Undergrad: 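Questions regarding the structure given below will be posed in turn.
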Amino acid sequence: QVQLEESGGGLVQVGGSLRLSCAASGTTFSSGGMAWFRQAPGKEREFVAAIRYTGISLHYDDSVKGRFTISRDSAKSTVFLQMNRLKPEDTAVYYCAASINTYGSRRPDLYDYWGQGTQVTVSS
């Protein structure tokens, strides 16, 4: 059974930075990838960024491109989301997701495992 656990959320002022972590346990994958999604109150869950398990390919939503960076550690067990120049519209619960076979999809239903989420609040 795969478990994903996010950490690193919190309250930050506009223009500040946060680094989210997603620790995966239970198995290792050789294909597919991991991603970050976010969900604001009253809105659907939306794609933020994705990374292949190999770490070679990265993919970002246009709304975060140039501000957020997704990365992983060498052991492939932890994925990070470095968030810089945060805006009030970045406020949401951020979820880590893992897919056995899919990389970079914006569709939440194509991901096999999810974390519980971590709250990010950007105050103006």
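Every heavy atom of this structure was used, including side-chain atoms; hydrogens, water molecules and symmetry mates were not. Because the structure is a prediction, the values reported are computed rather than measured.
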Undergrad: Which residue pairs pass the side-chain hydrogen bond (donor to acceptor under 3.5 Å, both in side chains) test when at least one of the two sits in residues 4-15, sequence neighbours left out?
TA: none
Undergrad: Tell me whether Y95 contacts the main-chain N or O of T118 through its side chain, where contact means a donor paired with an acceptor under 3.5 Å.
TA: no
Undergrad: Among all residues two or more places apart in sequence or in another chain, which pass the salt bridge (Lys or Arg N to Asp or Glu O under 4.0 Å) test with K65?
TA: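 K65: salt bridge (Lys or Arg N to Asp or Glu O under 4.0 Å) contacts with D62.
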Undergrad: Taking all atoms of both residues into account, what is the closest heavy-atom pair of L4 and A24, and its distance?
TA: CD2-CB, 3.6 Å
Undergrad: Are V122 and V48 connected in the hydrophobic side-chain network, where two residues link if heavy atoms are under 4.5 Å apart?
TA: yes
Undergrad: Please report the shortest heavy-atom distance between S21 and T78, naming the atom on each side.
TA: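 That would be CB-CG2, 4.4 Å.
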Undergrad: Between Y113 (side chain only) and C96 (backbone N and O only), is there a donor and an acceptor less than 3.5 Å apart?
TA: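 Looks like no, no N/O pair under 3.5 Å.
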Undergrad: Tell me, do L20 and V120 make a side-chain contact under 4.5 Å, heavy atoms counted?
TA: yes
Undergrad: Between atom CZ of R52 and atom CZ of R72, what is the distance when rounded to the nearest 0.5 Å?
TA: 12.5 Å
Undergrad: Taking C-beta and beyond as the side chain, do Q119 and T91 meet within less than 4.5 Å on heavy atoms?
TA: yes
Undergrad: Does T69 have any side chain to side chain contact (heavy atoms under 4.5 Å, CB included) partners at least two apart in sequence or in another chain, and if so, which?
TA: Y60, Q82
Undergrad: For residues S99 and D112, report the shortest heavy-atom separation together with the two atoms involved.
TA: CA-OD2, 3.3 Å
Undergrad: If you look only at distance, which donor and acceptor atoms sit under 3.5 Å apart when one is on a side chain in residues 34-41 and the other is two or more places apart or in another chain?
TA:
from : atom 1 : to  : atom 2 : distance (Å)
R38  : NE     : E46 : OE2    : 2.6
R38  : NH1    : D90 : OD1    : 2.9
R38  : NH1    : Y94 : OH     : 2.9
R38  : NH2    : E46 : OE2    : 3.2
R38  : NH2    : S63 : OG     : 3.4
Q39  : OE1    : R45 : NE     : 3.3
Q39  : OE1    : R45 : NH2    : 3.4
Q39  : NE2    : K43 : O      : 3.1

Undergrad: Same cluster or not: are Y53 and I70 linked, directly or through other Ile, Leu, Val, Met, Phe, Trp or Tyr residues, by side-chain heavy atoms under 4.5 angstrom apart?
TA: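 As far as the 4.5 Å side-chain criterion goes, I70 and Y53 are connected within one cluster.
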Undergrad: Please check if the number of heavy atoms outside E44 that lie under 6.0 Å from its CD is greater than 12.
TA: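 Atom CD in E44 is not packed in, count stays at 12 or less.
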Undergrad: With S123, which residues qualify under side chain to side chain donor-acceptor pair (under 3.5 Å), at least two apart?
TA: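 Residues passing side chain to side chain donor-acceptor pair (under 3.5 Å) with S123: none at all.
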Undergrad: If every non-hydrogen atom of G117 is compared with every non-hydrogen atom of V93, which pair is closest and at what distance?
TA: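 Smallest heavy-atom distance, with atoms named: CA-CG1, 3.8 Å.
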Undergrad: Looking at L86 and L18, what are the two nearest heavy atoms and their distance?
TA: CD1-N, 3.9 Å
Undergrad: Test of understanding: with salt bridge (Lys or Arg N to Asp or Glu O under 4.0 Å), list the residues that count as partners of R106, not counting sequence neighbours.
TA: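 With neighbours one apart ignored, the set is D61.
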Undergrad: Is there a path of hydrophobic side-chain contacts, each under 4.5 Å between heavy atoms of I, L, V, M, F, W or Y residues, that connects M83 with L11?
TA: no
Undergrad: Can you name the closest pair of heavy atoms from L110 and S105 and give their distance?
TA: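 Nearest pair, atom of L110 first, then S105: CD1-OG, 3.3 Å.
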Undergrad: Any sub-3.5 Å donor-acceptor pair from Y111's side-chain atoms to A98's backbone N or O?
TA: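 No, because the side chain of Y111 does not come within donor-acceptor range (under 3.5 Å) of the backbone of A98.
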Undergrad: For S25, check side chain to side chain donor-acceptor pair (under 3.5 Å) against everything at least two apart and list the hits.
TA: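 With neighbours one apart ignored, the set is empty.
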Undergrad: Could you tell me whether the side chain of V2 reaches within less than 4.5 Å of the side chain of W114, counting heavy atoms only?
TA: no
Undergrad: By the disulfide (SG to SG under 2.5 Å) test, which pairs, at least two apart or in different chains, include something from residues 31-65?
TA: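 Listed by first then second residue: nothing to list.
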